[in-house]
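All values derive from a computational prediction rather than experimental measurement.
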Amino acid sequence: MLRISEDIYYKTAGTPVGPPAPSPNETVYPRYGSLDNRILIWFVTQQHTYFGGFVLALPIFCVLLEFLGLVSRNRVHAARYEGLARDLLKVALLALSITAVVGSVMLWLFIALYPSFMRYMGGTFKAMMPAYALVFVGESLLLIIYYYSWDRLASPAAKWGHAAIGVIANAFGTALLLLANAWAAFMMAPAGVDADGRYLGNVWHLLHSALWNPLNVHRFLADIMSGGAVVLAYACFRFFTSKSDEERAYYDWVGYVFLFVTVCALLPMPFAGYWLMRSVYAFRQSMGMTMMGGLLTWLFVVQALLIGALFLGINYYLWQSMGRIRGGERYQPYFQYLVWALMGCLFVWLTPHTVMMTGSELKAMGGAQHPVVGNYGVMSAKNGAVNVMICLTVLSYIFYRRANRTMTISWIRTGNGVLAVLFTVGILNILWLSVYGFYLPASIRVGLSWPQAFTTLTVLIGGVAINQAMLRGAKVHGPIEWGKISLRGMVGLLGLAAAFSWVMGLMGYIRSSGRLSWHVNELMADLSPWAFTPPLSFAAKMVTLNMVVFWVAVLGLFWVCQRGQQAAMSVELDAEREAGFLPSASREA
């Protein structure tokens, strides 16, 4: 007689076809001497995640650069984009090999150190395993074809077909990420199984758990940021070690391009993170409280500090970049006011909702929340702070775009007035929604994030579009003198790269630790005596160690590819000389 069970998430009936979750006596794992299983798995998994994100991001960058080269009417720009794309693709192929090796080591360690967990996950996701292997092999073959067909498909007509191969390869890479995210989301919020953990035969329910969609968006953006950050670090390293002005100009340009790409992924990241955490609260409020109001609260404070530092660093780099632009000094006086506004937003963003206090301190304050400062700890205030920081960063970018141009349109005053009204009304609306949230219950207050995000999106798109229209036909004071940026600016860019990678490792730890001692939340626990959440200081050290090891490995990859990059860069510089852009100094028109 067939047994009918109910899906623990979708509440639909189904017939169990998978293994049950292991019993408690099967999840007490042996310890091999003083080796801590968790630490080893943590290290290898984080390296695999870093490299996996890097392999996902680089081909996307390559295709975007190739498309820019195809549509560019400037021969020098086209040569630069295509040369950089080819160099990065070579690194992506080597990184793909390392990712496969690290992934194999990770799989072997899971089987050796956590056998019951792997038996259960393997049996539950048995239907997806062949698809994952097929997608991985398909992506690998397509990337190889994409790289080695670069010269064979060099004609103008064939180049579009070559770019299409890159698009298909990236589609396979994204599918690989979605499948991997299904396992991580299942461990946090299981679906498609009954109360005993048995798979009920519905692949879509197993795949589409409560956190799968927000986790897909969050990790995709994180991978783009992480990949862009490594290229930023490489550009800074090569800028510092370059022996000629031409090389410094080239890597200054690379740093600028990839900061723009990384920032494009950073701007929607707070909204993606909010969507993920809101989904966590909706699934299990206790898990959300553990992550944001309990054991892991102060890691979110550290994360807030780093995100605030990212926005400050981006603005600092933009203002330092004006040193390479003739006419940029006109906007320098405004920088101090933007810094003060950003610092005010950062302090609000940092303020915790509750703090750890003794009984006497709690009594003296009259509760766990400060009667005034505690208001800044609610999500409406924090969302308001990060949205204002995004608006101010857009304003910095508008100033940067105007730095070496004098507008000639007849409606300059009208355009500036519209921009002033747009930014003023937008920021005031964000602040009003933040204050209004102080007087609403938490269940209603969370809904204010959407009008805040819509306001920010309106300011961002409207501000950039209006400014671009105002710059049409503008008088250019001179070319951008790449390589003329100050050392302080490039050091700031290197710090941004480190912060990007560190934030990604920290958020990965927070997400995994939200399950506490559960392998699969509320279905399968790790009952080993050492299966406890490590102290925050230890977690910070492990995240830093993982980041440093990853960066050393990636810089090693770049060093291996250095000869090819030098040759490609020489071709690009020769093209600039022939076009008359490099008579004695490296410049770009």
Side-chain angles (χ1 to χ4, degrees), residues 46-47 49-51 53-54 57 218-237 239-240 254-273 296 298-321 338-339 342-343 345-350 382 385-386 389-390 392-393 396-397 485-511 536-537 539-555:
Q46 184 63 62
Q47 292 301 312
T49 303
Y50 270 140
F51 274 104
F54 192 39
H218 192 264
R219 288 195 64 179
F220 180 82
L221 294 174
D223 288 343
I224 298 297
M225 287 176 57
S226 182
V230 175
V231 181
L232 287 180
Y234 172 69
C236 294
F237 172 76
F239 181 89
F240 294 140
V254 172
Y256 171 78
V257 168
F258 275 90
L259 178 66
F260 181 81
V261 172
T262 309
V263 169
C264 287
L266 171 66
L267 293 181
M269 179 61 81
F271 310 118
L296 304 173
W298 286 97
L299 286 180
F300 269 95
V301 175
V302 175
Q303 174 248 19
L305 175 63
L306 288 169
I307 291 179
L310 286 176
F311 280 104
L312 283 170
I314 291 166
N315 283 271
Y316 180 77
Y317 174 79
L318 285 175
W319 287 91
Q320 286 296 313
S321 296
L338 284 175
V339 169
L342 287 167
M343 289 298 295
C345 294
L346 177 58
F347 287 140
V348 173
W349 181 247
L350 277 175
K382 293 183 179 298
V386 75
M389 283 194 284
I390 293 174
L392 295 177
T393 302
S396 285
Y397 178 71
I485 189 173
S486 67
L487 288 178
R488 296 190 302 274
M490 294 304 288
V491 170
L493 192 63
L494 183 62
L496 280 174
F500 278 124
S501 297
W502 210 92
V503 166
M504 295 305 101
L506 179 67
M507 293 309 297
Y509 167 74
I510 293 174
R511 178 180 54 79
L536 304 186
S537 60
K541 293 175 183 177
M542 277 296 298
V543 171
T544 305
L545 173 64
N546 273 304
M547 181 193 71
V548 171
V549 171
F550 171 69
W551 269 26
V552 170
V554 169
L555 289 176

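- Taken to the nearest 0.5 Å, the SG atom of C264 stands 12.0 Å off from the CZ atom of F258.
- Nearest approach of T262 to A229, heavy atoms of both residues: OG1-N, 4.1 Å.
- Atom CZ of residue F220 and atom CE of residue M269 lie 10.5 Å apart, to the nearest 0.5 angstrom.
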Could you walk me through whether Y397 and I314 pass the side chain to side chain contact (heavy atoms under 4.5 Å, CB included) test, one step at a time?
CA-CA 10 Å; Y397 178 71; I314 291 166; over 6 Å; no

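- A distance of 13.0 Å separates CG of L266 from CD1 of I224, quoted to the nearest 0.5 Å.
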As a quick check of understanding, evaluate side chain to side chain contact (heavy atoms under 4.5 Å, CB included) for L392 and F311, giving each step before the final call.
CA-CA 9 Å; L392 295 177; F311 280 104; over 6 Å; no

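- Residues satisfying the side chain to side chain donor-acceptor pair (under 3.5 Å) criterion with S396, sequence neighbours excluded, are N315, W319.
- Smallest separation of non-hydrogen atoms from A265 and M225: CB-CG, 3.6 Å.
- The distance from atom CZ of F500 to atom CG of L259, rounded to the nearest 0.5 Å, is 6.5 Å.
- Contact record, A272 with H218: C-CD2, 3.9 Å, taken as the closest heavy-atom pair.
- Surrounding CZ of F240 are more than 12 heavy atoms belonging to other residues, nucleotides or ligands, all under 6.0 Å away.
- Between atom OH of residue Y50 and atom CD of residue Q47 there is a gap of 8.0 Å, rounded to the nearest 0.5 Å.
- Smallest separation of non-hydrogen atoms from I390 and L267: CD1-O, 3.6 Å.
- Contact annotation: the side chain of M504 never approaches that of D223 to less than 4.5 Å [non-hydrogen atoms, C-beta and beyond].
- Every pair passing side chain to side chain donor-acceptor pair (under 3.5 Å) that includes a residue from residues 491-501 is listed here, sequence neighbours excluded: S501-W551.
- With values rounded to the nearest 0.5 angstrom, M343 atom CE is found 10.5 Å from M389 atom CE.
- Residue L232 comes nearest to G255 through the heavy atom pair CD2-O, 3.2 Å, listed as atom of the first residue, atom of the second, then distance.
- Looking at I485 and Y317, their side chains come closer than 4.5 Å, going by heavy atoms from C-beta outward.
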Please determine whether side chain to side chain contact (heavy atoms under 4.5 Å, CB included) holds for the pair V549 and Q46, giving the CA-CA distance in whole Å, both sets of side-chain angles, and the decisive distance to 0.1 Å.
CA-CA 10 Å; V549 171; Q46 184 63 62; over 6 Å; no

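- Taking 4.5 Å as the limit, some side-chain heavy atom of L487 sits within range of a side-chain heavy atom of F239.
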Pairs under 3.5 angstrom only: tabulate donor-acceptor contacts from the side chains of residues 490-498 to other protein residues two or more places apart or in another chain.
none

